[in-house]
Number of protein chains: 4
Amino acid sequence: MFKQRNIVVSTASAQHVDEQPVEIVERKGIGHPDSLCDGIAERISVEYSRWCREHFGTLLHHNFDKVQLVAGETEVGYGYGELIQPIRIQIAGRGTPTYQGRQIPMHTIAIEAARAHLRESLRYLDPVRHVVIDSYAGKGASELAHAVDKVTANDTSFGVGHWPHSNLEHIVYQSARHINTELLQQLPLGEDVKVMGARIEDVITLTVCLPLIATEVHDQAEYLEVRAAAREAIQRFAGGLTKRAVQVDVNTADDPEAGAVYLTLTGTSAEMGDDGSVGRGNRVTGVIAPFRAASLEAAAGKNPISHVGKLYNLLALEAAREIVTVLPEVRAATVYILSQIGKPLDEPLVAHAQLAPQNGTLTRGAEQQIAEILDAQLADITTLRERILRMELCPF
Amino acid sequence: MFKQRNIVVSTASAQHVDEQPVEIVERKGIGHPDSLCDGIAERISVEYSRWCREHFGTLLHHNFDKVQLVAGETEVGYGYGELIQPIRIQIAGRGTPTYQGRQIPMHTIAIEAARAHLRESLRYLDPVRHVVIDSYAGKGASELAHAVDKVTANDTSFGVGHWPHSNLEHIVYQSARHINTELLQQLPLGEDVKVMGARIEDVITLTVCLPLIATEVHDQAEYLEVRAAAREAIQRFAGGLTKRAVQVDVNTADDPEAGAVYLTLTGTSAEMGDDGSVGRGNRVTGVIAPFRAASLEAAAGKNPISHVGKLYNLLALEAAREIVTVLPEVRAATVYILSQIGKPLDEPLVAHAQLAPQNGTLTRGAEQQIAEILDAQLADITTLRERILRMELCPF
Amino acid sequence: MFKQRNIVVSTASAQHVDEQPVEIVERKGIGHPDSLCDGIAERISVEYSRWCREHFGTLLHHNFDKVQLVAGETEVGYGYGELIQPIRIQIAGRGTPTYQGRQIPMHTIAIEAARAHLRESLRYLDPVRHVVIDSYAGKGASELAHAVDKVTANDTSFGVGHWPHSNLEHIVYQSARHINTELLQQLPLGEDVKVMGARIEDVITLTVCLPLIATEVHDQAEYLEVRAAAREAIQRFAGGLTKRAVQVDVNTADDPEAGAVYLTLTGTSAEMGDDGSVGRGNRVTGVIAPFRAASLEAAAGKNPISHVGKLYNLLALEAAREIVTVLPEVRAATVYILSQIGKPLDEPLVAHAQLAPQNGTLTRGAEQQIAEILDAQLADITTLRERILRMELCPF
Amino acid sequence: MFKQRNIVVSTASAQHVDEQPVEIVERKGIGHPDSLCDGIAERISVEYSRWCREHFGTLLHHNFDKVQLVAGETEVGYGYGELIQPIRIQIAGRGTPTYQGRQIPMHTIAIEAARAHLRESLRYLDPVRHVVIDSYAGKGASELAHAVDKVTANDTSFGVGHWPHSNLEHIVYQSARHINTELLQQLPLGEDVKVMGARIEDVITLTVCLPLIATEVHDQAEYLEVRAAAREAIQRFAGGLTKRAVQVDVNTADDPEAGAVYLTLTGTSAEMGDDGSVGRGNRVTGVIAPFRAASLEAAAGKNPISHVGKLYNLLALEAAREIVTVLPEVRAATVYILSQIGKPLDEPLVAHAQLAPQNGTLTRGAEQQIAEILDAQLADITTLRERILRMELCPF
């Protein structure tokens, strides 16, 4: 029955990452320059696709997975901030510029999408005043456009997804989100949060980088106060997510007496000193977990029609999530999907689910159920595509 | 003895990658747009460092790990090629623009370095005529410059290296190099080679993308002839590197009857349809091997003074290489080094060598020797830095 | 008494331009790409000066007289319009980037000033959505900054102004203004009006270029209707300004049957096909009158502190205007002021008023009065500067 | 006989410019930023035209009369010079990007043309190392392309030319050329020469700006020596061109004791502090002579097919030159040509030769001869076009 999809289900041999002696996990918050580039790239792909569907009733080939952010320059101090040189967003990427004799406003779509993403991601940054956005996007090579028409795998590529998060991944991911959603409403913090978690045996250290908003922090005392409040809140939040010992450090590079504090005008280090690029930040799981198998493909900005590097990564994640949700006897799932160049996307070379059962082994029935989940997910790649276009799945 | 460096030596529990059922490995050749960006970034870092040393006797903080390549546009056909729109190289990154009251010609250094790298990497591309290079680089945030002065770890970060290459990694890496060095002298091929290797059990498929040079290929017959010759040469070469079955496919997206062939004017897809960016290609091992633990840090372009993401990755690779070279009883080594933020680089939080012995276990003496190798490598980070500046270590 | 200012008053020998057999006069409306660049340049100078005064209590050296507008690309037709490629504004020019150890947000000021000018000049253009504005401005050569400190003439240069407008100049100037203010409220027209007047003896032809707004003109019939209404309104208006015969032509390059009509999305040809630059449009008199002596200096964007090319042109115009206003016996005045390099601005090499008396000669008293007017204007260059900074004087 | 061309021949009533009390003339040398932009613009037009003719056998519509030069940044001192930030050349302008289904390498042509012009104009500037050239050129509005097909006047426009140079014009023009050709071979001077001549009655002052080459001038003594030698040579040369008193000043803004001297690395102020733009420098006569009637149209870069602003200016100059050369009894000629929109170029609205006879009046025969010269020049506009394309006529 699953012959066609080449589905394999097996039990994982390796030690679960949670039990390995050392683990490192990082999450770049939504305001980090790399995350901003990922977000812009993905938004361009979505808006371009929506435009094409609205005007032509179809999706067109594109890959907007190249965006570079060049840091601006600011002068900030306690209580004030001034933008000297705006941030530059340089959009590259490839689209289909004309279709059926009609030009597609590719550059306008791209620039507006970038601006929309910035507007919705950063409270203190003014996407008009603080940023210069230009589009250098062009058309793809004709050969590739050709290959895409058939909607087969464009490459021998692969996707991987694992679920659930390890305990450290969970802490890092949720802490970053907590800061980006809750804490920002209580304290004058920017969105360019970075949480780096290191676990050595059962001791967890979270090193958090947190920009404070210069115009709302009026002196060193207030800075230290806000930083301490943030540290405590994160400590409390993260501590509640694990039984392990957690140590939270915030802005460790500070040297307040020497004037070295992390103040920003806009809430992101992109305003000064930190460039950004697509595919250099979080994986589709929302974290960077170097001890896990991971695709290096930047999912953000790639077309959701045919790009294996995007679709299989998200599909693998969704399948792993469904397996663990549906089958209580599965503690953890890792799904690998390998494309077969020139074959339809729902006929991979191999789709492999590696499972960690709660109690050592899986029943034949569970294996069958897992294979069915994988099969259904592959069969229904269209739904995945729609969810991407509705921005329900964040690839970073 | 090794207390200070927190060195751990252990035997690997996991199955060796060579014995896993599925393996995927990719190498982007030196002419691939992403590799070009990596190469340019690294060259800028090297030339900037050399300039500073020559003029100031010291190295200065920088991170030139952001370079974006925007594809050009060409019109090519059998026997001819014309550049319509040059390739754009947009250099970002952060340096120290002035030192001791003297300005550093950062932009000039960066642009010249980019041009030098292109000149030395691509035979058919004219780095003046075919490329517009501009520098948008700026200065770093003062806070970071401050932290760097002390040359301590700038981040909780980590590096990982493994040695030797698995069989598939070896085949992919060496085949790409063989094409980029030998085959290019015999056939009208460009440097933008991509080799994707997939192994399912003992069957290896190499999917190779190979641009042909338009001006030297005069008709379809000649195209097919060159492509076939290339395929055979790669098949012969790759076949000689393994006992497994190898199947080589070249330019699978071709449809010559429909005019879809892979012809280029300059030997790189950067001329049309393919943008590039730093850190999106090969890891420091020279390949992309998604089933291996790997750092996502882009090593290319980062400063070799203090950047853990660069230094520890290269150090881990060199240590693993030395371990395997010196100790015949070690079949494979993986080295992890974890930084301790705020501590000197040679005092990592932990440096961990995971080893696969030829026959199951390691002697106490071997373990001691391995720890000494790690210790010596860490103690001598200066030599590593010098080798980077002499461009003896390629981080991609 | 006027020795110090080297003031000369004389009677003009040449035939008045009104009486010459042929006369050509042109005005580029406020939405013309060249006028937009002039307006942006001037606005940058004003905003930069205001910022410096507000923050430092003084004005700083600058010349923002270089702005390039690169046309965008649109797709328009009856009833619709789409922006494909935004207009690019490339700001160059020189400013003082730091003063008393504080950085001046030169780029931010420049970009915001450009946006403000566009917003206030064009009703249908969205200065965010339709335009990408970037600043490449830099600092001036140290040598020049030095010379400026002393506020002496920076050059052997000159300014010239004449008053009143000739009859044709009056017609061209007022017609363009009439269209730009009145007619635009009644008809769907854009601001990129161009009025070219040619007079051969007593026959005047006005050739008017007038963009119609694509989204408000739904078919050819409506286009022809609007164009005819505009033509008639201009004919009526211009006819009322002269006793000569006036013939008005509108959009003579149209060929409606072939689809060649002048429709725009934004009201300016900058949206497609027409680049712009500073100093390529109207002189300080508001028109281009090639038979008149005129300075080629672009007044717009130059600093009002020391730049002779700006100050003397405006001063000459104001002086000529005052002479004619105050002395009914003067029919027309032309004022030339020549700088003396290295000398204070109010000590020109020569300030020369050439006058056309109503009845052939001027009384000694009138000459004295004229000399006094010139003297007072020169003495009070500060007031001129203030009027420039309040944008009461438009240099184009 | 000349009815068709509407040729008018008359005797000038106005005082010859040589006899007016005040005269100002300026020439920006070939290395001045504005002249560089003019030269680049013109070269692009020529190379684009040549390419089209070679590949299509025809010329295509274009106007490359917009080029902006953004000054670089250098650090110079006695004996050394370093480029910190390269000069940026931003090419705008409009061309026909495709013809008969084939793309024209417009950007490549433009960038190469710019580089060629720089290489041939400046000895110390390296057009690769010191300059970043990018092309933002686009296509024209379809409406204009349409109008051009018919090769009729594209505008109500006019051209004017006068011959010979006045004495001051002659001195300024020849002195600048003398410096740019002879003096540069003897002294370490750059090409960015500016000669400003002012004549008050019979006293002429030449104010000359002359960059010295930093790497070849080793101390203040040498600077002063070279400057003095240059001054003397110019004094000698200029003095030999007139019976009037001539005073030559060189680099009057210098203050050597305060370190304010005019040293450059590349021989042009474009390297630091001086931006450039097309149409802001010399008129087609090679000088800026504000007391003369002059067209404000930038001739450089405009297409030589249909652009009245270019063709009529050059034609008028050539006609004036021929008249004075052929008829010894004509002391000076000014030719005006006024286009008739929509009519062929050789049928102007009026072509008017205003002449200053040596002895007050012209014979009927001379008038007839002059009319014939004008008629022949108009009839043979093709030859003019060819001379432009062979770069025999310099429009600046």
Side-chain angles (χ1 to χ4, degrees), chain A residues 13-15 22 24 66 68 70-71 73 85 88 90 92-94 136 138-144 146-147 154-158 160 196 198 200 205 207 252-255 258 260-262 269 272-280 288 290-291 293-296 298 336 338 341-342 349-350 352, chain B residues 13-15 22 24 66 68 70-71 73 85 88 90 92-94 136 138-144 146-147 154-158 160 196 198 200 205 207 252-255 258 260-262 269 272-280 288 290-291 293-296 298 336 338 341-342 349-350 352:
Chain A
S13 65
Q15 200 178 20
V22 173
I24 300 179
K66 294 284 186 331
Q68 183 166 274
V70 183
E73 205 178 325
Q85 162 80 53
R88 278 196 177 102
Q90 300 170 321
R94 304 287 123 193
Y136 302 86
K139 62 179 175 188
S142 49
E143 193 191 28
L144 279 173
H146 181 80
N154 68 333
D155 221 335
T156 302
S157 183
F158 100 124
V160 60
M196 167 69 78
I200 313 238
T205 310
T207 309
T252 50
D254 280 1
D255 183 351
V261 290
Y262 192 4
S269 62
M272 178 142 185
D274 236 7
D275 305 305
S277 193
V278 176
R280 298 275 292 266
I288 303 169
F291 295 102
S295 164
L296 270 165
Y336 302 91
L338 191 63
I341 194 164
L349 192 58
V350 64
H352 183 188
Chain B
S13 66
Q15 199 179 21
V22 173
I24 300 179
K66 294 283 185 329
Q68 182 166 274
V70 182
E73 204 179 324
Q85 163 80 52
R88 277 196 177 102
Q90 300 171 320
R94 303 289 122 191
Y136 301 86
K139 63 179 174 189
S142 50
E143 192 190 29
L144 278 174
H146 181 80
N154 67 333
D155 220 336
T156 304
S157 183
F158 100 123
V160 60
M196 168 69 78
I200 312 238
T205 311
T207 310
T252 50
D254 281 1
D255 183 350
V261 290
Y262 192 4
S269 61
M272 178 143 187
D274 237 6
D275 305 305
S277 193
V278 176
R280 298 275 292 267
I288 302 168
F291 295 102
S295 165
L296 270 164
Y336 302 91
L338 192 62
I341 194 164
L349 192 57
V350 63
H352 182 187

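Every chain is numbered from 1 and lettered A, B, ... according to where its sequence line falls, protein lines coming before strand lines. Side chains included, hydrogens not; waters and symmetry mates left out as well; all remaining heavy atoms used. Just so it is clear, the structure is predicted and the values come from calculations on it, not from any experiment.
Each of B/Val22, B/Val350, B/Val160, B/Leu338 has some count of heavy-atom pairs under 4.5 Å with chain A, and the biggest count is that of B/Leu338. Ranking A/Ile288, A/Ile200, A/Thr252, A/Val278 against chain B, the residue ahead of the rest is A/Val278, based on heavy-atom pairs under 4.5 Å. The choice from B/Ser295, B/Gly138, B/Ala294 that makes the most heavy-atom pairs within less than 4.5 Å of chain A is B/Ala294. Taking chain B as the reference chain and counting heavy-atom pairs below 4.5 Å, the highest number among A/Ser269, A/Ala71, A/Ala293 is found for A/Ala71.
Contact annotation for B/Glu73: only side-chain heavy atoms (C-beta onward) come within less than 4.5 Å of a heavy atom of chain A. Proximity to chain B involves both the backbone and the side chain of A/Ser277, based on heavy atoms less than 4.5 angstrom apart.
The backbone N or O of B/Gln90 sits less than 3.5 Å from a side-chain atom of A/Gln68, completing a donor-acceptor pair.
When each of B/Lys139, B/Arg94, B/Lys66 is checked for a salt bridge (Lys or Arg N to Asp or Glu O under 4.0 Å) with A/Asp275, only B/Arg94 meets the rule.
Expressed to the nearest 0.5 Å, how far OH of A/Tyr136 lies from CD of B/Gln85 amounts to 11.0 Å.
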